[in-house]
Amino acid sequence: MSDSLTVGILYSRIRRDEKLLLEALRERDHDVRKIDVRKERFDIEKPPEAFEDVDVLIDRCLSTSRSLYITRFAESYGIPIVNSAETAQVCADKAHNSLALKEAGVPTPRTEVAFTKETALEIVESFGYPCVLKPVIGSWGRLMAKIDSRDAAEAIFEHKATLGHYEHKVFYIQEFVEKGGRDIRVVALDGEPVAAMVRSSDHWLTNAAKGAETAEFELDDRALELVKKASDAVGGGLLGVDLMETGDDYTVHEVNHNVEFKALDGVVEENVPARLVDWLEENYAEGEQ
Amino acid sequence: MTDDSETVVATDPVTGEEIDVPADVEVGEIIDSPITGAELEVVAVDPITLEEAPELEEDWGE
């Protein structure tokens with residue numbers, strides 16, 4: 001039995017994922033402190049009382065903006081946090097994510113960014129149809145658009161430019177990848193896969209949150225290599241790496257820093273939350289940091 | 001582990017009616033009201049107290 005850890009779970013909503021993690025931590029008699037970030041004050045001088053004596057904080061905030069600030073505050077207080085502020089920063093924004101993957105030599109879909117609808121239209125015309133428009137911040141497949149024609153592109157860009165938050169005026173455009181109706185989600189710990197699944201759908205979006213069917217997937221050597229490189233590219237930690245099959249290779253389209261694992265845990269033999277706790281014990285027990 | 005089928009009674013904050021909720025709910029957990037379908041947040045567990053959950057926001061996700 002490893003030393004007992006004091007683990008602070010930062011949350012604003014307990015999903016099935018957090019519940020699984022809480023159960024796994026309690027089963028091993030770790031001291032679990034649930035910290036509702038909506039009720040905390042973050043002083044630049046000193047940490048909130050709720051952070052006192054925690055060995056590690058786990059950022060499970062649903063809100064990306066909260067996640068970005070909390071990870072930064074935790075690091076300023078000198079408290080280890082999963083994931084790091086750097087990882088949150090890179091993963092929270094799809095443009096940063098794409099750049100990190102590209103810089104690390106990880107195959108990733110062709111992507112361009114523009115700041116006006118006119119220039120965005122130039123990009124889609126040069127990419128050809130269909131292509132994909134994604135919000136730079138967002139998840140669960142929301143506000144994603146598969147653009148099939150110039151008319152559709154003009155309408156979507158006009159709506160985003162007129163109605164959207166300023167982040168919607170950053171047009172993130174990606175080639176449409178023929179992925180055979182499925183993609184692969186890998187949950188990894190510092191680049192070491194815990195388990196993987198395929199998400200299949202007749203719809204072009206294959207997010208589990210959109211109702212895609214899921215099944216266990218065995219990673220080959222190339223996928224293992226890319227998961228490790230993608231994890232390193234964003235700073236490591238507890239991550240969800242998303243890959244698409246391109247025939248003779250893979251392309252990594254995204255790395256998620258606040259990964260949901262309930263769907264994966266439901267389809268694979270591996271006990272995903274137990275593996276997360278193993279990893280926390282290995283990395284954050286006294287003397288391990 | 002608590003039996004998933006075990007339930008306790010709590011008050012639906014929208015309708016004021018009594019509803020069954022899983023006995024092992026955690027503070028912060030979201031349940032769907034069996035009456036209205038609305039998302040309800042567990043704000044206390046002894047006794048179980050529910051409030052209307054915050055609406056989904058654009059930056060929520062993974």
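Side chains included, hydrogens not; waters and symmetry mates left out as well; all remaining heavy atoms used. Below, chains carry the letters A, B, ... as their sequence lines are ordered, and counting in each starts from 1. For clarity, every value in this text was computed on a predicted model and none was experimentally measured.
Other residues, nucleotides and ligands contribute more than 12 heavy atoms inside 6.0 Å of the CZ atom of A:Phe42. No more than 12 heavy atoms of other residues, nucleotides or ligands lie within 6.0 Å of CZ in A:Arg72, so this atom counts as exposed by the packing criterion. Residue B:Glu26 places its CD atom among more than 12 non-hydrogen atoms of other residues, nucleotides or ligands, all under 6.0 Å distant.
No option in A:Cys61, A:Ser67, A:Ser63 other than A:Ser63 meets the side chain to side chain contact (heavy atoms under 4.5 Å, CB included) test with B:Asp59. Here the rule is side chain to side chain donor-acceptor pair (under 3.5 Å) with B:Glu29, and of A:Lys19, A:Arg13, A:Arg16, A:Arg15 only A:Lys19 fits it.
By number of non-hydrogen pairs under 4.5 angstrom with chain B, the leading residue of A:Lys34, A:His165, A:Arg66 is A:Lys34. Options A:Leu143, A:Asn258, A:Asp17 differ in how many heavy-atom pairs under 4.5 Å they form with chain B, and the most are formed by A:Asn258. Ranking A:Glu167, A:Arg185, A:Glu254, A:Glu18 against chain B, the residue ahead of the rest is A:Arg185, based on heavy-atom pairs under 4.5 Å.
With a 4.5 angstrom heavy-atom cutoff, B:Val27 touches chain A via backbone and side-chain atoms both. Only the side chain of A:Arg26 comes within less than 4.5 Å of a heavy atom of chain B; its backbone N, CA, C and O stay farther away.
Annotation for A:Tyr11 and B:Gly28: closest pair CE1-CA, 3.7 Å, computed over non-hydrogen atoms.
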